Every structure is written in C-alpha cells, then in structure tokens.
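Below: one structure, written as structure tokens.
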Protein chains: 2
Amino acid sequence: MRLTEAEWQIMNALWEGWPATAREIADRLPDSVNWAYTTIKTMLTRLAEKEAVEETKRGNVGIYEPILTRQNARRNALKSLANQAFDGAFGPLMHFLLEDQNLSDRQREQLLEALQQREKGGEQ
Amino acid sequence: MRLTEAEWQIMNALWEGWPATAREIADRLPDSVNWAYTTIKTMLTRLAEKEAVEETKRGNVGIYEPILTRQNARRNALKSLANQAFDGAFGPLMHFLLEDQNLSDRQREQLLEALQQREKGGEQ
DNA sequence: GCAATGCTACTACAAATGTAGAACCCGTCA
DNA sequence: TGACGGGTTCTACATTTGTAGTAGCATTGC
C-alpha cells in the first residue's frame with residue numbers, strides 16, 4: 001500500500017480519531033491544505049477502493065475508519081524509501097540519518113532524544 | 001527535487017559512475033528493470049529538464065552526469081517522508097525505526113551496526 | 001408544500017508518470 | 001553504395017494524481 005502525498009494528509013487526519021465523517025476530516029486538515037469538500041470525498045473514495053479505509057453508512061452519511069494502520073503505512077513508506085534510495089537496507093538509511101551533516105541542530109537533538117529513549121527502553 | 005521511483009533507478013545507476021552514456025546506464029540497471037532503451041533516454045531527458053542531470057554531447061552521443069548528488073537526493077527524500085508521515089520531524093522517524101517491532105532480525109542487526117559505527121565515529 | 005442546507009454520487013480534466021514506437025542520421029563493412 | 005548497427009529526437013498513450021464542478025436526494029424550518 002503506497003500512499004500519495006495528498007492521501008497522507010487525509011490519513012493523518014483520520015488517524016487522529018475514528019470513525020470520522022468527511023466533514024470531520026476536513027476540519028482536521030492543516031490550514032495549509034485548502035481543499036474543496038468534494039476533493040476530500042474523492043480522496044476518501046479512492047482510499048476506500050485501495051482498501052486503506054473502510055466506508056460505512058449511517059443513513060446516507062459516510063463514516064470512515066482506517067484499515068491501513070499508521071504504523072503499517074509508516075513501515076511501508078520507510079521500506080520503499082530504503083529500497084529506492086538505500087539499496088534496500090535500513091542500516092544505510094539509519095547511518096545516513098546519523099551522519100548527515102546538514103541536519104539542523106534541532107534535528108540532531110531529536111535524534112539524540114530518540115537514541116536515549118532507545119537506551120532507556122533497552123535497560124528495562 | 002523530488003525523484004519518482006523510475007527516476008531513482010536511473011539516478012542510482014548514474015551515481016555508480018559518471019560521466020556515463022545512456023547505454024552504460026542501461027547496462028547498470030538491475031535485471032528486474034527491463035526498460036526499452038528509449039525509455040531510459042526519455043527518463044534522462046526529463047531528468048535533464050528537472051536539472052537533476054546534465055547532458056552534454058560527444059559528437060551526437062549524449063553524455064550524462066548528475067547535478068543532484070546522491071546525498072542531497074537522500075536528504076530530500078527523508079525530509080519529504082518526515083513531513084508526510086512523521087509530523088515533519090526526524091526524531092519520531094528515527095524513533096520509529098528503532099522501536100518498530102516488525103523489523104526483521106536482519107534489519108535490527110543493520111540498525112545496531114549503524115549505531116555502533118556512530119559510537120565509534122564519536123570517539124575518535 | 002417548498003426553499004435552503006448539507007450530504008452524496010458521478011463526471012471532468014490537467015499534469016505527472018511509466019513506457020515505448022517511429023522515423024531519422026551517421027559511420028562502416030562487404 | 002547500400003544495408004546494418006547504434007545513436008538521436010519527437011510523438012504517443014494509458015494510468016495515476018491532484019483538484020473540483022454538478023446535479024440529485026434527504027431534513028428542516030417556515
């Protein structure tokens with residue numbers, strides 16, 4: 001399951017809470033995303049076709065919930081990226097993240113935090 | 001600069017060594033990629049339009065070399081992914097990589113290696 | 001009973017992507 | 001000198017993606 005950029009927006013909104021109506025999803029989209037309501041419906045229909053979400057009806061109003069989990073979507077995306085750009089392996093990807101000099105300080109901080117959390121987790 | 005999946009194939013081949021002709025690039029593509037020669041030429045032309053590669057001529061034969069570096073391409077790809085799928089931050093992305101239980105043993109190994117290399121690097 | 005609201009389904013359409021065919025040009029070898 | 005091999009450019013076309021318009025069907029407030 002490959003999500004497009006626009007689909008990520010919708011799924012991100014849906015993962016915030018479900019079941020949800022198209023209207024609710026619309027309200028949750030970031031301000032930078034200014035789609036017509038029908039655009040959102042179209043995306044949801046396509047996502048339902050791809051079986052990333054399930055659509056049910058309450059009356060004639062569509063209710064949506066994710067089938068694809070955020071975790072799986074993330075996993076798939078990372079796998080694709082690793083395949084395309086890092087010879088299919090996570091090691092080099094990780095290595096790149098750690099070594100790349102052009103990360104901002106903030107980003108380096110975040111990496112360190114993640115590493116530390118991992119260490120903590122490992123000790124329990 | 002956003003590369004599509006097919007474009008990654010071409011760029012990966014080009015990054016293996018340049019300047020290179022379309023024929024050389026074709027020969028370097030993995031067996032799984034079985035494109036007509038003209039397909040490769042089309043991709044190269046499009047990549048030149050996007051200024052990801054530069055095309056020069058020796059006689060009437062096109063010679064290609066990357067303008068976009070592998071490092072930058074990787075950086076861009078990771079940034080996009082972080083934006084779409086991890087609230088724009090590398091920390092959560094990294095955290096996910098470390099914590100995700102569904103990584104294979106091999107993948108976990110690779111992560112560990114990457115971590116260890118980082119430690120070594122830090123000590124020098 | 002009818003108009004405004006709000007939802008739905010269906011259709012549309014441009015741009016990007018994947019993939020390639022056709023036709024043309026040039027050097028070379030018989 | 002003419003056919004072959006290999007390169008080139010241009011054109012083509014289906015599919016996917018981004019984005020939305022339109023028209024039709026309930027609900028409701030007068």
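Every value quoted in this text rests on a predicted model; they were computed, and no experiment measured them. Letters A, B, ... mirror the listed sequences (proteins, then strands); counts begin at 1.
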Give every donor-acceptor pair under 3.5 Å between a side-chain atom in residues 12-27 of chain A and any protein atom, sequence neighbours left out.
{"from": "A/Asn12", "atom 1": "OD1", "to": "A/Arg70", "atom 2": "NH2", "distance (Å)": "3.1"}
{"from": "A/Asn12", "atom 1": "ND2", "to": "A/Trp8", "atom 2": "O", "distance (Å)": "3.2"}
{"from": "A/Asn12", "atom 1": "ND2", "to": "B/Gln84", "atom 2": "O", "distance (Å)": "2.9"}
{"from": "A/Trp15", "atom 1": "NE1", "to": "A/Leu68", "atom 2": "O", "distance (Å)": "3.1"}
{"from": "A/Thr21", "atom 1": "OG1", "to": "A/Arg23", "atom 2": "N", "distance (Å)": "3.4"}
{"from": "A/Thr21", "atom 1": "OG1", "to": "A/Glu24", "atom 2": "N", "distance (Å)": "3.1"}
{"from": "A/Glu24", "atom 1": "OE1", "to": "A/Thr21", "atom 2": "N", "distance (Å)": "2.8"}

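- Put simply, chain B comes within 4.0 Å of DNA chain C, heavy atom to any atom, from C/dT17 to C/dA22, going 5' to 3'.
- The distance from the CE atom of A/Met43 to the CD atom of A/Gln9 is 10.0 Å, given to the nearest 0.5 Å.
- Within the 4.5 Å cutoff, the side chain of B/Met94 has no heavy atoms near those of the B/Phe86 side chain.
- DNA chain C lies under 4.0 Å from no heavy atom of any residue of residues 8-30 of chain B.
- No contact: A/Gly59 has no heavy atom under 4.0 Å from any strand.
- Remark: the backbone N or O of B/Ala85 is paired with a side-chain donor or acceptor of A/Arg74 at under 3.5 angstrom.
- The structure places CD1 of A/Ile10 at 9.0 Å from OG1 of A/Thr39, a figure rounded to the nearest 0.5 Å.
- Evaluation of the salt bridge (Lys or Arg N to Asp or Glu O under 4.0 Å) rule for A/Lys79 yields no partner, not counting sequence neighbours.
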Practice problem: Apply side chain to side chain contact (heavy atoms under 4.5 Å, CB included) to the pair B/Met1 and B/Asn72, showing each step before the final yes or no. | Solution: CA-CA 9 Å; B/Met1 254 302 324; B/Asn72 277 330; over 6 Å; no
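- Counting only heavy atoms from C-beta outward, the side chains of B/Leu3 and B/Asn76 never approach each other to under 4.5 Å.
- Using five terminal pairs a side, the axes of the helix from C/dG1-D/dC30 to C/dA30-D/dT1 at its two ends make an angle of 30°, given in steps of 10 degrees.
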For A/Leu44 and A/Glu55: C-alpha separation, side-chain torsions, deciding distance, then whether side chain to side chain contact (heavy atoms under 4.5 Å, CB included) applies.
CA-CA 8 Å; A/Leu44 282 167; A/Glu55 181 186 7; over 6 Å; no
Apply side chain to side chain contact (heavy atoms under 4.5 Å, CB included) to the pair A/Thr42 and A/Trp35, showing each step before the final yes or no. CA-CA 11 Å; A/Thr42 302; A/Trp35 292 331; over 6 Å; no
What do the steps show when you test B/Met11 against B/Val53 for side chain to side chain contact (heavy atoms under 4.5 Å, CB included), and what is the final call?
-> CA-CA 8 Å; B/Met11 291 305 290; B/Val53 309; 3.5 Å; yes
Given protein heavy atoms under 4.0 Å, the one-letter contact record of nucleotides 9-24 of chain D, with B base, S sugar-phosphate only and - none, is simply B--B----BBBBBB--
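- Grouping the Ile, Leu, Val, Met, Phe, Trp and Tyr side chains by contacts below 4.5 angstrom, directly or via other members, places B/Val33 apart from A/Leu81.
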